[in-house]
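Take a look at the structure below.
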Amino acid sequence: MTESSRTNRREFLGNSAAVIAGGVVLPRTALSYSKTIGANDRIALAHVGIGNRGRDLDLIASKLKDSHHVEMVAVCDLWTVNRDKAAATNNAYYGRAPRAVQHVDEILSMKDIDGVMISTPEHSHSPILKMVAEAGKDAYVEKPMGNVMAEAKAARDAVLQANTITQVGTQHRSEPYQKAAHQIARSGALGDVSKVEIVWNYHGPRWRGRPEVKQIREQDTDWSKWLLTKPARPFDPQMYFEFRLYKEFSSGIPDQWMSHAIDMVHWFMDDDFPVSSVSHGGVFAWHDGRETADTFQTLLEYPKGFLVSYSTSFGNDAPSFTRYMGKKASLINDGGEGSPRYRLVEEKGTHEDDSNIDEKRKSQVVLLPGETKLPPLGIDDLTTEHMANWFECMRSRQQPHVTVHNGFAHSVACMMAAESYWTGKKVFWDAKNETITDSNPTQT
Ligand SMILES: NC(=O)c1ccc[n+]([C@@H]2O[C@H](COP(=O)([O-])OP(=O)(O)OC[C@H]3O[C@@H](n4cnc5c(N)ncnc54)[C@H](O)[C@@H]3O)[C@@H](O)[C@H]2O)c1
């Protein structure tokens, strides 16, 4: 970055939009939870569902074991192979073998567990979160928080009732570049935002071809407990590991990717529930028996008066981006999920009057204080800040960065997008009754 662009950036961002690196402190909950973990007490963790993402979460937690004084004391997975692996890995991380059990009930009855991490497939997030809250334990639950309305509500209500500390796993809210960009979005620097456009692409038969499909045997797991709330059916190893492709278990692109994207929009725009959603898409790129779309787009209207377009294609990897389009400036996030590279671009003139207008618009990369290097176009899923925030909140009993209210809101947006896609209808959010309807509740 040149000196002049640095100066311009300062002028352009102004004082109110100064980049930040610090944490966001949320108010204490109205009800103060009686359980306290002393500053010197070790936090005892358990973990349910330790596959691909679960292994990431175990690594993340282990990186914080000394700074946050935590230990994984119990692991739980229905499948022997993943359970044994998790026990061995955590033994290596902590120098002590965790208890290893097959069923979540066994975890819930362990009195010494303070917090439970949940990284099972998405159809079991809400049901397990509800059980964990009812057992009075804190939770870190992967996204989406839920994908069946009644189950997501029941989980949220159970957490509120028990007043436990629950962090929902949209981890980008805790990352420093996202926090800096959030501060800019909230500063007024963009002017009125009327549109948010999100395009996250990938080239390939995403979510097909999991190697575990050939490895797993029915006798080494508990299929009925994997199905949990779903009707019985013969064992299906593809459904077991490629659940993202089967509509009864996942909406695919909305549950997997849009949950992250829309959670960021809710946070940047301070607007939580869509008014309506219209979706379209299909299986156009990978005819491999998948049920969920490989090409998907939804439009969501929000109460503050802006439209969000979310679009993903698995048939072409054209560059991904997110852009907040305001009357004074655009905030552009180059790259897909979690990319830390943001630019603030002045909104001046029009292409119709000046075809070179792009070159005349001031454009500033968002950098953290002290940073001079352009941040990368993407990051992995291994950032530690979100988990650290959960541990800190478990001690302070303050609310974490992504509460069950936020998790419920991203789940509602994803469920609306999916329902519109499957029904072919425009759907509305009835906030009073907390239901998705196909008639506008404000006009009935
Ligand atoms: N936050 C992120 O960036 C991120 C990244 C990847 C995945 N995820 C989320 O993680 C979740 C898991 O994805 P994955 O690819 O790791 O799945 P996976 O199939 O690799 O792992 C799931 C594990 O859970 C176990 N399991 C299933 N039901 C169980 C139950 N009722 N009790 C105990 N164990 C059970 C399975 O045996 C398996 O070992 C998904 O819902 C996904 O949305 C989040």
Checklist outcome for this item: All heavy atoms of V275 vs all of P303, minimum pair found to be CG2-N, 3.5 Å
Checklist entry - When the aromatic ring centroids of H69 and F391 are compared, is their separation below 6.0 Å? => result no
Checklist entry - Is the NZ or CZ atom of R206 positioned over Y202's six-membered ring, under 6.0 angstrom from the centre and within 45° of the axis? => result yes
Checklist entry - Closest heavy-atom contact between N201 and P319? => result ND2-O, 4.5 Å
Item to check | Residues forming a side-chain hydrogen bond (donor to acceptor under 3.5 Å, both in side chains) with D66, sequence neighbours excluded | outcome: none
Checklist entry - Going by distance alone, is a donor N or O of one side chain under 3.5 Å from an acceptor N or O of the other, for D255 and S259? => result no
Next on the checklist: Angle between ring planes, W226 versus Y240, binned at 30° and 60°: parallel, tilted or perpendicular?
Outcome noted: parallel
Checklist entry - Are the charged groups of K65 and E71 less than 4.0 angstrom apart, N to O? => result no
Next on the checklist: Taking the ring of H172 and the ring of H260, is the distance between their centroids below 6.0 Å?
Outcome noted: yes
Item to check | Listed partners of W223 passing side-chain hydrogen bond (donor to acceptor under 3.5 Å, both in side chains), at least two apart | outcome: none
Next on the checklist: For W200 and F314, I'd like to know if the aromatic rings sit close, meaning centre-to-centre distance below 6.0 Å.
Outcome noted: no
Checklist entry - Any chance the side chains of R173 and N389 put a donor and an acceptor closer than 3.5 Å? => result no
Checklist entry - Does any pair with a residue in residues 188-202 pass salt bridge (charged side-chain N to carboxylate O under 4.0 Å, His left out), and if so which ones, sequence neighbours excluded? => result K195-E197, E197-R323
Checklist outcome for this item: Those residues at least two apart in sequence (or on a different chain) that pass side-chain hydrogen bond (donor to acceptor under 3.5 Å, both in side chains) with H386 are Q167, S174
Checklist entry - Going by an N to O cut-off under 4.0 Å, is there a salt bridge joining D58 and R53? => result no
Checklist entry - Does a salt bridge link D430 with K432, judged by any charged N lying under 4.0 Å from a carboxylate O? => result no
Checklist entry - Does R156 make a cation-pi contact with F408, if we ask for NZ or CZ under 6.0 Å from the ring centre and within 45° of the axis? => result yes
Next on the checklist: Tell me whether the count of non-hydrogen atoms from other residues, nucleotides or ligands lying under 6.0 Å of NE2 in H103 goes above 12.
Outcome noted: yes
Next on the checklist: I'd like to know whether NZ of K225 has more than 12 heavy-atom contacts from other residues, nucleotides or ligands below 6.0 angstrom.
Outcome noted: no
Checklist entry - Who passes side-chain hydrogen bond (donor to acceptor under 3.5 Å, both in side chains) against E301, sequence neighbours left out? => result none
Item to check | salt bridge (charged side-chain N to carboxylate O under 4.0 Å, His left out) partners for K143, two or more places apart | outcome: none
Item to check | K153, NZ atom: more than 12 neighbouring heavy atoms under 6.0 Å | outcome: yes
Next on the checklist: Please give me the minimum heavy-atom distance between A388 and L64, naming the atom from each residue.
Outcome noted: N-CD1, 3.6 Å
Next on the checklist: According to side chain to side chain donor-acceptor pair (under 3.5 Å), does anything in residues 123-133 pair up with another residue at least two apart or in another chain? List the pairs.
Outcome noted: T120-S124, K130-E134
Checklist entry - ring pair (Phe, Tyr, Trp, His ring centres under 6.0 Å) with F268: which residues, sequence neighbours excluded? => result H182, Y324
Item to check | Residues K247, E291: salt bridge by 4.0 Å N-O rule | outcome: no
Checklist outcome for this item: Sequence neighbours excluded, the answer for salt bridge (charged side-chain N to carboxylate O under 4.0 Å, His left out) partners of R343 is D334
Item to check | Ring center gap for W207 and Y246 short of 6.0 angstrom | outcome: no
Item to check | Pairwise salt bridge (charged side-chain N to carboxylate O under 4.0 Å, His left out) hits with a residue in residues 304-313, at least two apart | outcome: D270-K304
Next on the checklist: I'd like to check the salt bridge (charged side-chain N to carboxylate O under 4.0 Å, His left out) partners of K425; sequence neighbours left out, ordered by chain and number.
Outcome noted: D438
Item to check | Contacts of type ring pair (Phe, Tyr, Trp, His ring centres under 6.0 Å), residue H47, not counting sequence neighbours | outcome: none
